[in-house]
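Here is the structure we will look at.
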Amino acid sequence: MSARGNSKSSINVATIVILSVFLAVGMVMLLVRLRREITPLELSREEYPVTGLDLSAHNGDIDFSLLAADSIDFVVLKATEGATFKDPKFHHNYLAARKAGIRNIGAYHFFKFGTDGKMQGINLLNSLVGKTLELPLVIDLEEWTNPKNMHTDSIVVRLQDMIDYLESNGHAVMLYTNKDGYERFVRDRFTDYPLWICSFTKPPLPEDADTEWSLWQYSHWGWVSATDTSVDLNTFNGSREQWRQWLRSVDF
């Protein structure tokens with residue numbers, strides 16, 4: 001009985017050691033993968049001289065004077081989501097950015113697949129009362145946190161309803177999405193609208209894309225001194241002169 005007990009103890013110890021080794025190896029592999037995923041894509045400032053950030057309440061308190069000192073060319077602030085949600089930091093962030101002297105400010109709305117498009121447009125425009133923007137209104141179109149099994153055509157109808165409402169009220173529209181969203185919603189449908197693409201590869205779109213991108217979100221893991229959180233890094237598809245021309249072409 002005593003010998004059998006020692007044998008069981010030895011087996012248990014060996015099992016624990018083996019499991020610990022596997023766990024340690026797994027953790028190392030996970031850390032390596034995460035490190036690889038969060039390493040920002042480095043872009044040449046000579047090739048992409050225009051830089052910008054998109055910000056929301058998730059970024060906490062932001063020192064916009066530091067952003068202005070970093071010569072950020074534009075910021076796009078989250079305003080609304082769906083038919084009722086309003087970003088609690090939008091009004092404050094807008095006023096702080098204006099006070100800091102940031103010249104080009106935009107606003108974005110997170111689109112909810114199952115919500116009436118016109119109602120989403122009303123929610124967005126209600127939050128813009130008294131505010132002036134230099135960039136088109138951005139509709140954030142992505143599958144993340146949205147229903148998984150909704151028919152694409154139904155989503156497209158609601159999206160078109162929102163676009164129609166915004167345009168009927170005199171606003172230019174830009175679509176933000178990732179490569180999956182581009183293939184599902186934008187390609188062959190909304191090619192006449194400026195595109196803000198989220199992509200961590202260069203080039204950000206495949207060679208057979210049927211539209212050019214205007215803005216490119218190339219990292220979710222940038223860092224600036226103005227906030228304690230990671231920030232999304234963005235650039236414009238062109239030179240500074242082309243950037244100024246693009247801003248002048250925006251028809252509100």
Side-chain angles (χ1 to χ4, degrees), residues 40-56 59 62-79 90 93-94 96-109 128 131-141 163 166-167 170-179 181-182 186 190-207 209-227 231-252:
L41 183 66
E42 294 186 5
L43 301 184
S44 166
R45 291 297 294 270
E46 292 184 0
E47 186 177 5
Y48 299 102
V50 178
T51 59
L53 305 177
D54 55 283
L55 303 164
S56 72
N59 296 107
I62 302 162
D63 189 333
F64 283 92
S65 62
L66 289 179
L67 288 185
D70 286 339
S71 300
I72 294 295
D73 295 291
F74 65 93
V75 295
V76 185
L77 307 172
K78 182 174 183 179
F90 176 59
N93 285 344
Y94 172 84
R98 282 285 179 231
K99 184 178 180 180
I102 294 177
R103 296 178 61 184
N104 301 306
I105 301 175
Y108 77 91
H109 169 92
L128 300 182
K131 297 176 176 64
T132 302
L133 302 175
E134 288 73 39
L135 276 69
L137 296 183
V138 178
I139 301 176
D140 182 346
L141 182 65
I163 291 173
L166 295 177
E167 290 184 330
H171 293 277
V173 173
M174 169 182 280
L175 299 178
Y176 165 96
T177 192
N178 53 31
K179 285 184 283 190
Y182 168 79
V186 178
F190 296 101
T191 57
D192 292 334
Y193 292 93
L195 176 64
W196 180 2
I197 186 70
C198 171
S199 173
F200 306 135
T201 62
K202 184 182 178 183
L205 282 176
E207 292 183 358
D210 58 1
T211 186
E212 289 190 358
W213 58 272
S214 296
L215 299 182
W216 175 15
Q217 185 183 89
Y218 61 92
S219 175
H220 288 328
W221 300 96
W223 296 96
V224 293
S225 57
T227 178
V231 294
D232 298 331
L233 302 177
N234 302 273
T235 191
F236 172 72
N237 189 11
S239 65
R240 288 196 174 277
E241 178 55 33
Q242 290 171 319
W243 165 247
R244 288 187 287 268
Q245 292 174 0
W246 185 76
L247 290 176
R248 288 195 295 268
S249 72
V250 174
D251 185 9
F252 287 99

* Do the non-hydrogen side-chain atoms of L66 and V224 ever get within less than 4.5 Å of each other? -> no

* Mind running side chain to side chain contact (heavy atoms under 4.5 Å, CB included) on I105 and K131 for me, showing each step along the way? => CA-CA 10 Å; I105 301 175; K131 297 176 176 64; over 6 Å; no

* To do: Decide yes or no for N234 and F74: does some side-chain heavy atom of the first lie under 4.5 Å from some side-chain heavy atom of the second?
  => yes

* Heavy atoms only: give me the nearest L133-A107 pair and the separation to one decimal. => CD1-CB, 3.8 Å

* Measure across S199 and P204 and return the closest heavy-atom pair with its distance rounded to 0.1 Å. => OG-O, 3.0 Å

* **Euclidean distance, W213 CH2 relative to C198 SG, rounded to 0.5 Å** => 12.5 Å

* **W216 side-chain N/O to N237 backbone N/O, donor-acceptor pair under 3.5 Å** => no

* Straight-line distance of I72 CD1 to L53 CG, nearest 0.5 Å -> 4.5 Å

* Is a side-chain N or O of T227 found less than 3.5 angstrom from the main chain of N59, in a donor-acceptor match? -> yes

* To do: Measure the NZ-CG distance between K78 and D140 for me, rounded to the nearest 0.5 Å.
  => 7.5 Å

* Is there a side chain to side chain contact (heavy atoms under 4.5 Å, CB included) between V75 and Y94 once you walk through the steps? -> CA-CA 9 Å; V75 295; Y94 172 84; over 6 Å; no

* Mind listing the closest non-hydrogen atom pair of D210 and Y182 along with its distance? => OD1-OH, 2.6 Å

* Is any side-chain heavy atom of S56 closer than 4.5 Å to a side-chain heavy atom of Y108? -> yes

* Considering only heavy atoms from C-beta outward, does the side chain of F190 approach that of L141 to under 4.5 Å? -> no

* How many angstroms lie between atom CG of L55 and atom CD1 of I62, to the nearest 0.5 angstrom? -> 4.0 Å

* Are any non-hydrogen side-chain atoms of L128 and F90 less than 4.5 angstrom apart? -> yes

* Do you know the tightest heavy-atom contact between G222 and S219? -> N-OG, 3.8 Å

* **Whether Y176 side chain and H109 backbone form a donor-acceptor pair below 3.5 Å** => no

* **For the student: nearest non-hydrogen atoms of A68 and I102, plus distance** => CB-CG1, 4.1 Å

* To do: Considering only NZ, NE, NH1 and NH2 on the basic side and carboxylate oxygens on the acidic side, decide whether R98 and E134 come within less than 4.0 Å.
  => yes

* Asked: Any side-chain heavy atom of N178 within less than 4.5 Å of one from F200?
  -> no

* Asked: What are the two closest non-hydrogen atoms of V250 and A172, and how far apart are they?
  -> CG1-CB, 4.0 Å

* To do: Could you tell me whether the side chains of W196 and D54 share a donor-acceptor contact shorter than 3.5 Å?
  => no

* To do: To the nearest 0.5 Å, tell me how far N104 CG sits from R244 CZ.
  => 10.5 Å

* Identify the residue among E241, R248, Q242 that makes a side-chain hydrogen bond (donor to acceptor under 3.5 Å, both in side chains) with Q245. => E241

* Any side-chain heavy-atom pair from V50 and D73 closer than 4.5 angstrom? -> yes

* **Stepwise side chain to side chain contact (heavy atoms under 4.5 Å, CB included) test for T211 and Y193** => CA-CA 9 Å; T211 186; Y193 292 93; over 6 Å; no

* Indicate yes or no: at least one non-hydrogen side-chain atom of T51 is less than 4.5 angstrom from one of L233. => no

* What's the spacing between D192 CG and L175 CG if we round to 0.5 Å? -> 10.5 Å

